[in-house]
Every structure is written in structure tokens, then in C-alpha cells.
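Model, not experiment: these values are computed from the prediction.
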Amino acid sequence: MPSLGTVRFLLVEHSPAGGLFQWTLQLADALARLGHEVELLTGRGPELAARHPGVRMLPVLPTWHPSAGAALPAPLRRVRRVWRAVRHVEAWRRVVRHVRRTRPDVVQLSEWRFPVDAWAALAVGRAVRAGGRPGLLGDVAHTPVPFTEDGDGGLYKSGGLLLRSLRRAYAGTDVVLVLGERSREGFVAAFPDAGQPVVVPHGDEGIYAGEDPGPAATGEYLLFFGALARYKGLDLLLDAVDLVVARRPGTRVVVAGPCVDVDLDALRRRCATVPGVELRAGYVPVADVPALVAGARALVTPYLVANASGVVHLAHTLRRPVVTTDVGDLAAAVGHGRSGVVCPPGDSAALAAGMLRLLEDPATATDLGDAGYAATGDGSAWDDVAGRVAAAYLARQRPGAVDVAR
């Protein structure tokens with residue numbers, strides 16, 4: 001890759017906390033380490049500060065923390081949804097205004113979920129190219145076709161207006177980044193006219209790294225960590241735990257994360273019927289995550305559908321193996337027998353067998369966890385990720401663009 005001169009990046013991440021924010025912040029720090037000027041435009045009260053002085057954090061968007069209002073009753077949640085929609089539109093207005101005022105070389109957005117996101121992306125593209133400027137617009141398509149937030153029905157949004165809007169927005173985007181080969185294939189299938197996305201590694205979860213968590217064999221429970229969402233297969237997990245407990249009484253399983261689109265009361269009732277399951281519903285602060293993971297023998301990602309998962313990379317970063325389903329790029333990230341166990345999606349018996357294998361063979365759990373940790377430095381270090389991201393924009397330079405090749 002050619003050496004890169006200074007590029008002025010504006011990274012936009014509406015949520016000031018959670019996995020997408022953490023991914024964007026780690027990318028921002030890595031881009032700054034490579035010598036680029038980076039601004040991160042996000043919501044108020046971000047859960048983490050930038051580690052590199054070259055990153056300017058701008059927490060000015062009227063967005064919200066993932067756990068805000070999770071305990072509200074249903075009628076108030078409907079009112080909140082309307083109010084959040086207003087704030088969401090206002091956040092996009094501020095993004096467009098900032099781009100017009102500061103004129104960055106690259107604007108990188110993230111995770112379009114509604115038609116307004118696609119329309120706003122088109123407006124941002126016009127702003128970054130205003131006056132014939134050669135600015136570039138990019139997007140990180142963590143989930144190219146958004147997951148639905150409804151409590152029933154399909155797992156993906158399928159509205160015609162949304163998909164038409166996304167097609168237009170992606171067609172007007174200079175660079176689309178995805179986090180794996182299957183994600184690339186899924187994007188091309190959904191948006192064949194948008195051009196080829198660029199595959200970049202996910203990166204590790206170094207923001208959680210601190211004291212050595214110890215070998216996986218010391219872990220006392222299995223851990224499901226992350227947002228409680230329908231696509232993540234919680235029912236499948238609990239069916240598998242029933243099978244595990246029947247063979248290995250006394251097994252503990254911790255389910256920890258904020259509620260997104262599941263019926264929390266129904267989930268509590270279901271968990272209460274499965275011996276050994278502890279439900280910790282609510283957002284887990286960053287400072288509490290390392291100890292939570294260190295107490296686990298393995299992390300379990302029983303997803304029904306997915307593209308990528310920061311939970312897998314969190315497990316690797318903290319020396320824990322993963323029991324995962326073969327969806328999206330999760331299997332490629334884990335590798336059956338490399339840093340965990342890969343099971344067919346929707347198969348509770350296979351999931352239970354994978355969980356039992358790591359519970360009954362602590363030496364294997366340790367070996368797989370250590371292998372995952374070792375792999376975090378193999379092309380997934382953040383400086384490598386940032387270099388590939390910068391190279392993707394370099395390859396799309398418009399005539400007259402800032403010369404980023406030295």
C-alpha cells in the first residue's frame with residue numbers, strides 16, 4: 001500500500017455508546033496514529049474518550065445512549081419513538097451543516113436503518129462535494145439490510161420505501177466498507193447496482209484490554225453478551241441450556257445486555273424455568289465488561305442471522321473461546337476448532353454439544369481461547385484495519401482530490 005499523507009476524516013456515529021460507537025472510536029484512534037486528522041461526530045455523553053490526541057471528539061448530536069428508557073412501559077415507549085424520530089432528523093441536520101462548514105476530505109457514515117438515513121446520506125454526499133470539491137463519502141455497512149425492531153414477523157426490514165432509498169444512497173456512496181466476505185456477498189445480492197464493497201477486518205476489542213483475564217479454564221459460566229434481540233437466537237440458547245443442564249447439572253449461564261426487540265417479561269419467565277440461567281437485563285458499562293468476560297469459560301453467539309459480531313472479537317481479545325452459529329462471517333472469524341466451536345444455525349442440540357465440549361474439557365477451552373487471542377495481532381490490529389480503510393478511499397480518489405499518496 002502506498003504511504004498516505006494527511007487526510008481529514010469526519011467519522012459519524014450517532015450513538016455515543018455500544019458496539020458501533022466503540023468500533024468507530026477505535027478506528028478513529030488508529031487513523032490518527034497513521035497521521036490523519038480525525039473528527040468523530042457523535043451523541044452527547046460518550047461512554048469513552050479518544051485515546052489519541054489527534055482525534056477531536058464532537059459529542060453534539062441529540063441522540064441517546066442504548067440503554068436510555070429501556071424500562072418505560074409500552075405506551076410511553078411509543079411516545080418516545082416519535083420524540084426520538086424528531087431528534088434523529090435534527091441529528092442529521094447537524095451532520096450536514098457540519099460537513100458544509102468544515103469541508104472534510106472524507107465523511108464516513110455508519111449503519112443506515114431508516115429511509116431518513118438514506119436520504120440524509122444523499123444530502124451529506126452533496127455537501128462533501130459542494131462547489132465541485134473532490135470529497136469522498138463512505139459508509140460502514142455493519143448490517144446492509146437492517147434488522148427489524150418489531151416484536152414479531154421477519155428478522156429483516158423489507159419495506160419497499162426503505163430498500164429503494166438504500167439503493168439510491170449506496171449508489172451515491174464512493175466507498176462501502178463491510179466486515180467480511182459473506183457480508184460482501186450479502187451486500188451485492190441486496191444492492192447489485194451499488195458497486196463492489198470493500199472488505200476490511202473487524203479489529204480487536206482493545207478498549208477492554210487490561211489485566212490478564214487468565215486462562216479460559218478458570219471461567220465458571222457460559223456467557224451470552226450483547227443486545228437482547230430476536231435475531232440473536234435467545235430461544236435457541238435456552239433450549240440448548242436445557243440440554244446442557246440435563247447432562248451437566250450445576251452449569252451456569254449468564255445472559256447480559258440491554259433489551260432491544262424481545263419481550264423482556266416473557267424472556268424473564270423463560271429464563272426462570274431453566275436451571276442455572278441468570279438474566280442481567282441492562283446495558284453493561286465498559287468498565288464492568290472485562291470482569292464479566294473473565295468469569296466465563298466461553299462466550300456463546302447463537303445467532304439466527306448476522307453479518308459480523310464484536311462479541312466474537314471481544315472474546316478473542318480477552319482469551320475466551322466462542323461457541324457460535326455458522327451465520328454471516330462469524331464462522332470465518334472463529335473457525336471450527338481454531339478459536340471455538342461452530343454449529344449449524346437453529347440447531348439447539350449442536351449448540352448444546354459445543355457448549356458441553358468446552359465445559360467438560362477445560363484444557364481445550366484454554367487452548368482455543370489462547371489461539372483466538374494470538375490471532376488478534378494477525379491482520380486484525382487496528383493500525384492494519386485503518387491502513388486498509390485509508391487505502392480504500394485512496395483508490396477512489398476523485399480528480400483534483402487532496403493528494404494522499406506521497
Min side-chain heavy-atom separation L292-Y221 under 4.5 Å:
yes

For Q26 and G206, indicate whether the former's side chain and the latter's backbone hold a donor-acceptor pair under 3.5 Å.
yes

Determine, for D193 against R167, whether the closest basic-nitrogen to carboxylate-oxygen distance falls under 4.0 angstrom.
no

Qualifying residue for side chain to side chain contact (heavy atoms under 4.5 Å, CB included) with L237, from V300, L222, D242:
V300

Kindly say whether A332 contributes a backbone atom to a donor-acceptor pair with the side chain of D329 at under 3.5 angstrom?
no

Any sub-3.5 Å donor-acceptor pair from R133's side-chain atoms to D105's backbone N or O?
no

For R44, does the CZ atom sit with more than 12 other heavy atoms under 6.0 Å from it, leaving out its own atoms?
yes

Are E37 and R56 within salt-bridge range, i.e. N to O under 4.0 Å?
no

In Å, rounded to the nearest 0.5 Å, how long is the span from CG of L267 to SG of C259?
7.5 Å

Assert yes or no for the condition that the ring centre distance of W382 to W23 is strictly below 6.0 Å.
yes

Looking at CH2 of W92 and CZ of F114, how far apart are the two atoms once the value is rounded to the nearest 0.5 Å?
11.5 Å

To the nearest 0.5 Å, atom CD of Q108 lies from atom CG of L137 at 9.5 Å

Does anything in residues 276-285 form a salt bridge (charged side-chain N to carboxylate O under 4.0 Å, His left out)? List the pairs, not counting sequence neighbours.
R252-E278, E278-R280

Would H65 and Y283 count as a side chain to side chain contact (heavy atoms under 4.5 Å, CB included) if you check the C-alpha gap in whole Å, the side-chain angles of each, and the deciding distance to 0.1 Å?
CA-CA 9 Å; H65 192 283; Y283 189 81; 3.3 Å; yes

Applying ring pair (Phe, Tyr, Trp, His ring centres under 6.0 Å), can you list everything that pairs with F225, at least two apart in sequence or on another chain?
none

Does this structure show an ion pair linking E181 with R184, if we count only N-O contacts that are shorter than 4.0 Å?
yes

Is a side-chain N or O of R8 found less than 3.5 angstrom from the main chain of T102, in a donor-acceptor match?
yes

Any side-chain heavy atom of S15 within less than 4.5 Å of one from T63?
no

Heavy-atom count check: over 12 atoms from other residues, nucleotides or ligands less than 6.0 Å from R103 CZ?
no

Less than 4.5 Å apart, side chain to side chain, heavy atoms only: is that true for L11 and V38?
yes

Let me see the working for T324 and C343 under side chain to side chain contact (heavy atoms under 4.5 Å, CB included), right down to the final yes or no.
CA-CA 6 Å; T324 190; C343 310; over 6 Å; no

Between the side chains of R230 and D235, is the shortest nitrogen-to-carboxylate-oxygen separation below 4.0 Å, so that they form an ion pair?
no

Got a donor-acceptor contact below 3.5 angstrom from the R297 side chain to the L358 backbone?
yes

Return the minimal non-hydrogen interatomic distance between A169 and A121, and the atom names on each side.
CB-CB, 4.3 Å

Neighbour count above 12 (heavy atom, 6.0 Å) for R168 CZ:
no

Are side-chain heavy atoms of F191 and V188 found at a separation under 4.5 Å?
no

Looking at A294, is its backbone amide N or carbonyl O close enough to the side chain of R320 to form a donor-acceptor pair, meaning the two atoms are under 3.5 Å apart?
yes

Gap between atom CD of E47 and atom OG1 of T42 - 0.5 Å precision
9.5 Å

Backbone N or O of D204 within a donor-acceptor pair of the T376 side chain at under 3.5 Å?
no

Taking the side chain from H142 and the backbone from E111, do they hold a donor-acceptor pair closer than 3.5 Å?
no

Ring centroid separation for Y373 and H316, is it under 6.0 angstrom?
no

Scanning both residues in full, the closest heavy-atom pair of Y208 with P290 reads O-CG, 3.4 Å

How long is the straight-line distance from CD of E205 back to CG of L314, given to the nearest 0.5 Å?
6.0 Å

Quick check against the 3.5 Å criterion: does T366 have a side-chain atom that pairs as donor or acceptor with the backbone of A217?
yes

Please determine whether side chain to side chain contact (heavy atoms under 4.5 Å, CB included) holds for the pair L279 and R268, giving the CA-CA distance in whole Å, both sets of side-chain angles, and the decisive distance to 0.1 Å.
CA-CA 7 Å; L279 176 60; R268 285 195 176 105; 3.6 Å; yes

Can you find a heavy atom in the side chain of V277 that is under 4.5 Å from one in the side chain of L238?
yes

Give a yes or no on this: more than 12 heavy atoms of other residues, nucleotides or ligands lie within 6.0 Å of atom CD of Q196.
yes

Is R338 salt-bridged to D367, cutoff N-O under 4.0 Å?
no

Sequence neighbours excluded, the answer for salt bridge (Lys or Arg N to Asp or Glu O under 4.0 Å) partners of R97 is none

Quick check: closest heavy atoms across P275 and V241, and the distance to 0.1 Å?
O-CG1, 4.4 Å

Out of the candidates V178, T143, L179, only one should pair with N307 under the side chain to side chain contact (heavy atoms under 4.5 Å, CB included) rule; please name it.
T143

Are M355 and L351 close enough that some pair of their side-chain heavy atoms sits under 4.5 Å apart?
yes

Would you sort out whether F224 and V323 count as a side chain to side chain contact (heavy atoms under 4.5 Å, CB included), showing the intermediate values?
CA-CA 10 Å; F224 173 99; V323 181; over 6 Å; no

Identify the two heavy atoms, one from P146 and one from L166, that lie closest to each other, and give their separation to 0.1 Å.
CD-CD1, 3.9 Å

Heavy-atom closest pair, residues A386 and L27:
CA-CD1, 3.9 Å

Shortest non-hydrogen pair, V55 vs A28, comes out as CG2-O, 3.4 Å

Answer yes or no: is there a donor N or O on one side and an acceptor on the other, between the side chain of Q22 and the main chain of I207, under 3.5 Å?
no

What I'd like to find out is whether the side chain of V327 reaches to under 4.5 Å of the side chain of L304, using heavy atoms alone.
no

Kindly assign one of parallel, tilted or perpendicular to the pair Y303 and Y231, based on the angle between their ring planes and the thresholds 30° and 60°.
perpendicular

Check E90 with R87, please: is the shortest side-chain N to carboxylate O separation under 4.0 Å?
no

Taking the side chain as C-beta and beyond, is there a heavy-atom pair between S165 and L162 under 4.5 Å?
no

In this structure, CG of L48 is separated from CZ of F21 (nearest 0.5 Å) by 5.5 Å

